Amino acid sequence: MTASSPNQSAAAEAYEPASIEQKWQQRWRERGTNSTNLQDGERPFYALMMFPYPSAEGLHVGNLFAFTGNDIYGRFQRLQGHTVFEPLGYDAFGIHSENYALKVGEHPMRLIPRNIANFRRQLERGGLMVDWRYEVDTTDPGYYKWTQWIFLELYKRGLAYKKRAAVNWCPVDKTVLANEQVIAGQCERCGSEVEQRMLEQWFFRITDYAGRLLDNLDGLDWSETTKTAQRNWIGRSSGARVRFPLAADPGAAPHAAASGISTADGGSGPGSDAGSPELASSADSIEVFTTRPDTIFGATYMVLAPEHPLVDRITTPGQREAVDAYREYTRQQDLISRKVNKEKTGEFTGGHAVNPATGQLIPVWVADYVLMEYGTGAIMAVPGHDERDFEFATKFSLPIVRVVAGAGETAGTPLAEAYSGGGTLVNSGEFNGQDAEQSIGRITEWLHATGAADAQVNYRLHDWCISRQRYWGPPIPIVYCDSCGTVPVPESQLPVLLPDVEDFRPDDTGVSPLARHEQWYFTDCPSCGGKARRETDVSDTFLDSAWYFLRYPSAGRDDVPFDAELTKKWLPVDSYIGGNEHAVLHLLYSRFITMVLHDAGHLAFEEPFTRFRAHGLIIREGAKMSKSKGNVVNPDEFMDRWGVDTFRTFLMFLGPYEQGGDFRDQGISGVRRFLERLWSSSLVATNEGEPDASVLRKLHQTIRKAGEDISKLQYNTAIAAMMEYMNVLRAGERLPHRAEVDPLIQLVSPFAPHIAEELWERRGNEGSVFDVQWPTFDPELAKDDTITLAVQVGGRLRGTIQVPADVTQEDALAAALAEEGVSKFVTGEPRKVIYVKGRLLNLVV
RNA sequence: GCCGGAGUGGCGAAACUGGUAAACGCAAGCGACUCAAAAUCGCUCGUGCGCAAGCACCUACGGGUUCGAGUCCCGUCUCCGGCACCA
C-alpha cells in the first residue's frame with residue numbers, strides 16, 4: 001500500500017473540519033493567540049481591512065472574501081516575524097441602517113446591536129486573526145464623542161462652515177436622500193423623481209486640500225486604478241481666470257438694485273476664493289475660468305449659469321421676461337433631474353461684455369449648459385474650438401471664428417465642427433502664427449499685464465457636505481444661541497448624545513427628526529448660559545469611517561481619541577485592503593481628515609495608508625449576486641458543508657484576488673480534496689530514511705513561489721503551486737517524509753489555519769504554527785540539475801531535450817541535432833543559433 | 001462622450017523583464033477497487049486530418065515589428081466598472 005492508498009488513509013483518522021475548527025477557535029481564545037501586544041510587540045505591522053456595515057442579512061460572501069484576503073496577508077506577515085495587528089469593527093451609523101429600521105419598525109438602537117452580534121459570530125467563525133479586544137463600533141458614544149471632536153477641530157481651523165445648498169429630496173418618502181440613494185434622478189426606494197431643496201448645510205473645506213491630496217498620490221503605494229480614480233475626482237485643470245468688462249448698459253442698474261443681490265461691494269478680488277462665485281465676480285466685469293486662454297480671440301459670446309448673480313443686473317428690460325421664463329424653466333428641469341446631452345437651451349440677456357483681447361462687444365447669454373458649481377459659473381464661449389459652444393452657437397446663430405489652424409488649415413478654412421486640437425493661432429492679432437499650446441502662457445501674461453487675467457488652477461472637487469437631516473448619526477456638536485450665535489460645544493461636554501427617542505422618522509419639513517424632541521433640542525448656551533438650540537443635523541457616515549483606523553489601537557480609551565505612543569508605533573497603516581467602490585470618497589476623506597489632524601499637530605504623518613490594494617468582486621456562476629436573483633452565497637451554508645478552511649481557500653482560489661472571481665459551486669470540491677490529501681499525507685508521513693532530493697527541490701521551489709505570490713496578493717497561484725507540490729509529494733509508491741510535509745503545513749496555514757494548527761500539533765509541536773517562522777527558502781536545494789530545453793527551428797517548436805542545467809550552447813546544439821524531429825528540418829549549417837539559457841534553442845535556417 | 005480594466009479550451013483560470021500557450025482546479029470520458037454505488041486511485045482531455053508517428057491551425061478581429069508575439073506597436077470590435085455639459 002502506498003501513502004496515497006485509500007485503505008491506508010481510511011484506516012487513519014478521517015478529516016473532520018467541524019470539530020477541528022471549533023477546537024482551534026476555542027484554543028485561540030484561551031491562549032490569546034490572536035491578541036496583539038500593542039505596547040511591546042516587535043516589528044509592528046498594521047493589516048487593516050475596510051470595516052463592514054453590519055446589515056441585517058448577515059455577512060456577505062464579499063465581506064468574507066475581502067477579510068480572508070487581508071487575513072492571509074496578515075498571517076503571512078506574522079510568519080515573517082512581524083507583530084501583526086488585525087482589528088475589525090462596524091460602520092453601523094447611516095442611512096442604510098436607518099431605512100432598514102424604518103422598514104421593519106424597530107429602533108436602530110435595538111436593531112444594530114443584534115446585527116453586530118450576528119456579524120461577530122460569523123466573523124469569528126471565519127477564522128480571522130482578529131484581536132477582538134480592539135473592536136470599534138461607530139455608534140458607540142465612546143467612539144462618536146471623538147467623531148464630534150474631529151468636527152470641532154475642523155471648525156476651530158475654519159474648515160467647517162455652513163452654507164445654503166441643495167439636498168436631494170424624495171417627495172413621496174418625504175425624506176432627504178444621500179447621493180448614493182439617487183439612481184438616475186430617481187429615489188432608489190420608491191422610484192419617484194427626486195427634487196432639489198435648498199437647506200443650510202455644514203461643509204468641510206476639502207477643496208483647500210485639493211492640491212495636496214492630488215500631489216501626495218504620487219508617493220503612495222496604492223493600486224494605480226485607485227490613484228487614477230482619485231486624480232479624476234479631484235480633477236485639476238490649469239488655465240486662467242479672465243475678466244470681461246461689462247458694457248455700459250443704463251438699463252441694467254435698476255434691476256440690480258431691485259434684485260437685492262449685492263454686486264457693489266466688490267469686496268473680494270479675483271482669486272480670493274475659487275469656490276465662491278458670488279464673491280468672485282466684481283461689480284463691473286464677468287469672470288470666467290478657461291483652460292484655453294489661447295483661444296480668447298475666438299470668444300464671440302459669453303454664457304452665465306442661470307443662477308449666476310449677475311444675470312439680473314445684466315438683463316435688459318426688453319429681455320427680462322424671456323430670461324425670467326428661462327430661469328424658471330431651468331429650475332424645473334433641475335427638479336426633474338438634469339439631463340446631459342439634451343439639446344442646448346438658452347436665452348439672450350440683452351447685455352454685452354467686452355472681450356479683453358479683441359476689444360469687441362460680445363453678447364451675454366444665459367444657459368444651463370454652464371454650471372454654477374464649477375469655475376465661476378460663467379464662461380467665455382469659443383464656438384470654433386469647443387464642441388458645446390459650437391452646438392450652442394449654431395443653434396442660436398452666434399458668430400463662430402476660427403482662431404486655431406490645424407495641419408493643412410488656414411485662417412479661412414471653414415469649421416464644420418469645433419476643432420479642439422492644437423495648431424497655429426490665426427485671427428489672433430499679434431499672436432498670429434504662434435503655436436496654440438505654447439501661447440497659453442504668453443496670452444495669459446499679456447492679459448495679466450492689463451489686469452484682465454490671472455493664471456489659475458481649478459478643481460472639480462467640491463467641498464464635502466457632511467450634514468444629514470436624519471436621525472441615525474452623531475449629532476453635529478454645535479449650539480445656536482440667541483445672543484452668542486453659533487457656538488461649538490466645548491470638548492468637556494462631548495459627546496453630544498444621540499437621544500434614544502422612539503420617533504426617529506424623517507418628516508417633510510426637511511429638518512432632522514431631532515428637531516421635534518424639545519428636551520434635547522433646547523439647551524443652554526455653553527458660552528453665556530442663555531437659551532439656545534442644538535444643531536439638529538447629524539454628520540455623514542463617511543466622517544465616522546474617515547478616522548476609525550486611528551481609533552483601533554486606542555479602542556475604549558475615554559481620555560483621548562488616539563493614544564500618542566500607540567499611534568506613533570502603529571500608524572500609518574502598513575497594508576489596507578478594501579473594495580474599489582470606496583476608491584474615491586472614503587479613501588479621499590480619510591486622507592483629508594488625516595491631513596487636517598496632522599496640520600493641527602495631532603499626527604506626525606499626513607497620509608494614513610502606506611499601501612492600499614483593492615480586491616475584486618465575486619460573482620456566482622457568471623452572474624452578479626443579488627437578493628432578487630436569489631443567487632447570493634450564504635457563507636454559513638458552505639462552511640457547514642465543507643468547513644471553514646476549505647471555504648476560505650476556495651474563495652482565494654477562484655481567481656486573482658485583485659480581480660475577484662466566479663464562484664462555481666462545484667469547484668469547491670477540488671480544494672476540499674487538496675486539504676484531505678494534506679491531512680492524510682501528514683498523518684502517514686514518516687521519519688524514517690531520508691527525504692527525496694527531487695521532492696525537496698520541488699518543495700523549495702514551492703516555498704519561493706508561495707511566498708512571492710502571497711506578498712503580491714496572488715493567492716490563486718500560490719494555492720496552485722501548493723497543489724502542484726502535493727501532486728509531486730504523492731507521486732509514486734512511497735510514504736512521504738516528514739521533512740517534505742511539515743513545511744507544506746506551514747505554507748498552507750495562512751489559508752487554512754485550523755487544519756494547519758491541528759496537523760502542527762499532531763506533529764508534536766507545543767505552540768501555534770503562527771508563532772514559528774515561515775520556512776526558509778534554500779536556493780541551492782531549489783536548483784534543478786537537469787532542465788528541459790525547447791528546441792525551435794525557425795521559431796517553430798520541433799522538440800525538447802533534457803540537458804544539464806548549466807549546458808553550454810555547443811552541447812545543447814549537438815543534443816538538439818541528435819534529435820530526429822529536429823534534424824529533419826535542418827539542412828546544412830543553421831544561419832544563426834539563438835540560445836536562451838535554461839529556456840530554448842532556436843535554429844534559424 | 002471621457003477615464004479605467006478586460007477579451008486565452010466545455011468552465012474558473014495560468015504563462016517571470018517577448019522564449020515550449022493552456023500550469024492548477026472543475027466538469028466530462030475510460031479503467032481499477034466494489035455485488036453495486038459513492039468515495040478513492042490511475043489514464044485521457046484546445047481544434048482538424050490520421051490507427052499511429054506526425055503535420056497543420058489556435059490566445060476577440062485585421063495588420064506590423066522580431067529568429068520568435070497571449071505579451072510590444074498601429075487600427076477595429078465587444079464586454080465590465082466609474083464619471084458624465086468640469087469650460
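The structure presented is a predicted model; accordingly, all values stated were derived computationally and were not measured. All values below come from the heavy atoms of this structure, side chains included, with hydrogens, waters and symmetry mates left out. In the text below, chain A, chain B and the rest are named by the order of the sequence lines, each starting its count at 1.
Spacing between atom CD of A:Glu581 and atom C1' of B:G4 amounts to 16 Å, rounded to whole angstrom units. If you measure from atom CZ of A:Arg388 to atom P of B:C86, you get 4 Å, rounded to the nearest angstrom. Between the CH2 atom of A:Trp679 and the P atom of B:A39 there is a distance of 21 Å, given to the nearest Å. Nucleotide B:C79 holds its P atom 20 Å from the CD atom of A:Gln659, rounded to whole Å. One atom, CD of A:Glu658, and another, P of B:A14, lie 12 Å apart when rounded to the nearest Å. Between the CG atom of A:Leu840 and the P atom of B:A69 there is a distance of 12 Å, rounded to whole Å. Across the protein-nucleic acid pair, A:Asn232 atom CG and B:G81 atom C1' stand 13 Å apart, rounded to whole Å. To the nearest angstrom, P of B:G19 lies 16 Å from CD1 of A:Ile787.
Distance noted for atom P between B:C3 and B:C74: 15 Å (whole Å). For B:A21 and B:A38, the C1' atoms lie 37 Å apart once the distance is rounded to whole Å. Comparing the P positions of B:C43 and B:A36 gives a spacing of 23 Å, expressed to the nearest Å. As rounded to the nearest Å, B:U8 and B:A15 have C1' atoms that lie 11 Å from one another. When the C1' atom is compared between B:C72 and B:U17, the two are found 12 Å apart, to the nearest whole Å. Of the P atoms belonging to B:U59 and B:U47, the separation is 15 Å, rounded to the nearest Å. Rounded to whole Å, the C1' atom of B:A32 lies 47 Å from the corresponding atom of B:C80. If you take atom P in B:G4 and the same atom in B:C49, they sit 45 Å apart, rounded to whole Å.
Using N1 to N3 plus N6-O4 or O6-N4 for Watson-Crick, or N1-O2 and O6-N3 for G-U wobble, each under 3.5 Å, B:C67 pairs with B:G19. B:A14 is unpaired under the criterion used here, namely a Watson-Crick or G-U wobble arrangement in which both key atom distances are under 3.5 Å. B:G1 is paired with B:C83 under the criterion used here, namely a Watson-Crick or G-U wobble arrangement in which both key atom distances are under 3.5 Å. Searching all strands for a Watson-Crick or G-U wobble partner of B:G7 with both distances below 3.5 Å returns B:C77. In this structure, B:U34 forms no base pair with any nucleotide, since neither Watson-Crick nor G-U wobble geometry is met with both distances under 3.5 Å. B:C55: Watson-Crick or G-U partner is B:G48, with both key distances under 3.5 Å.
Distance from the side chain of A:Thr228 is smallest for B:G4 among the nucleotides B:G4, B:U20, B:C85. Closest to the side chain of A:Lys824, out of B:G54, B:C24, B:G81, is B:G54. When distances are taken from the side chain of A:Ile379 to each of B:G12, B:G68, B:A87, the shortest belongs to B:A87. When distances are taken from the side chain of A:Met723 to each of B:G19, B:U40, B:G25, the shortest belongs to B:G25. The side chain of A:Tyr374 approaches B:A87 more closely than any other nucleotide in the set B:A87, B:G12, B:C83. Nearest to the side-chain atoms of A:Ala720 among the listed nucleotides B:A13, B:C26, B:C24 stands B:C24. Set against B:C67, B:C86, B:G12, the side chain of A:Leu371 has B:C86 as its closest nucleotide. Distances were taken from every side-chain heavy atom of A:Val836 (C-beta onward) to each of B:C85, B:G19, B:C67; the shortest belongs to B:G19. You'll find that the side chain of A:Asn842 is closest to B:G19, out of B:G19, B:A13, B:C83. Here the nucleotide nearest the side chain of A:Ile834, chosen from B:A14, B:C67, B:C85, is B:C67.
Checking the phosphate oxygens (OP1, OP2) of B:A87, no side-chain nitrogen or oxygen of A:Arg460 falls inside 4.0 Å. For B:A14, the OP1/OP2 oxygens have a side-chain nitrogen or oxygen of A:Asn716 closer than 4.0 Å. For the pair A:Arg796 and B:C55, the criterion of a side-chain N or O lying under 4.0 Å from OP1 or OP2 is not met. Dashed line: the shortest gap from a side-chain N or O of A:Arg839 to OP1 or OP2 of B:C16 is not under 4.0 Å. Taking only side-chain nitrogens and oxygens, A:Ser237 comes nearer than 4.0 Å to OP1 or OP2 of B:A87. The phosphate of B:C41 has OP1 or OP2 within less than 4.0 Å of a side-chain N or O from A:Arg730. Residue A:Arg831 has no polar side-chain atom (N or O) positioned under 4.0 Å from OP1 or OP2 of B:C67.
No donor-acceptor contact under 3.5 Å links the side chain of A:Arg798 to the base of B:C55.
With a glycosidic angle more than 90° from 0, B:G5 adopts the anti conformation.
In the model, A:Tyr459 has no side-chain atom that pairs as donor or acceptor with a side-chain atom of A:Thr207 under 3.5 Å.
Residues A:Gly794 and A:Glu224 each lie close to RNA chain B; by heavy-atom proximity, the contact nearer the 5' end of the strand is made by A:Glu224. Residue A:Thr717 is the one, among A:Thr717 and A:Leu461, whose nearest nucleotide of RNA chain B lies closer to the 5' end (criterion: closest heavy atom).
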**Report entry** Evaluation steps, salt bridge (charged side-chain N to carboxylate O under 4.0 Å, His left out), between A:Arg672 and A:Glu676
**Finding:** CA-CA 6 Å; A:Arg672 172 63 185 257; A:Glu676 295 270 7; 2.9 Å; yes
Query raised in the report: Under the salt bridge (charged side-chain N to carboxylate O under 4.0 Å, His left out) criterion, do A:Arg613 and A:Asp221 qualify, and how do the steps go?
Result: CA-CA 9 Å; A:Arg613 291 291 181 276; A:Asp221 176 13; 2.9 Å; yes
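Residue A:Asn727 is classed as a sugar-phosphate contact, given heavy-atom separations below 4.0 Å to backbone atoms only. Heavy atoms of A:Gln792 sit under 4.0 angstrom from at least one base atom. Nucleic acid contact for A:Thr225: sugar-phosphate only, since backbone atoms but no base atoms lie under 4.0 Å from a heavy atom of the residue. Using a 4.0 Å heavy-atom cutoff across all strands shown, A:Phe663 reaches no nucleic acid atom at all. Residue contacts for A:Tyr725: at a heavy-atom cut-off of 4.0 Å it reaches no nucleic acid atom on any strand shown. Contact annotation for A:Arg677: backbone-only contact, meaning every heavy-atom pair under 4.0 Å involves sugar-phosphate atoms and none involves a base.
Of the candidates A:Leu304, A:Thr376, A:Val303, A:Val288, A:Val303 is the only one forming a side-chain contact (heavy atoms from CB on, under 4.5 Å) with A:Val370.
Ring geometry, A:Tyr419 versus A:His385: the interplanar angle exceeds 60°, so the pair is classed perpendicular (tilted spans 30 to 60°). Ring geometry for A:His582 against A:His586 counts as perpendicular: the plane angle is over 60°, on a 0 to 90° scale with 30° as the lower cut.
With A:Tyr369 as the aromatic partner, A:Lys344 meets the cation-pi criteria of under 6.0 angstrom to the ring centre and within 45 degrees of the ring axis. A cation-pi arrangement, defined by a distance under 6.0 Å to the six-membered ring centre and an angle within 45 degrees of its axis, is present between A:Arg460 and A:Trp233.
The environment of NZ in A:Lys395 is crowded: more than 12 heavy-atom neighbours from other residues, nucleotides or ligands sit within 6.0 Å. Applying the 6.0 Å contact sphere to CD of A:Glu387 captures no more than 12 heavy atoms from other residues, nucleotides or ligands.
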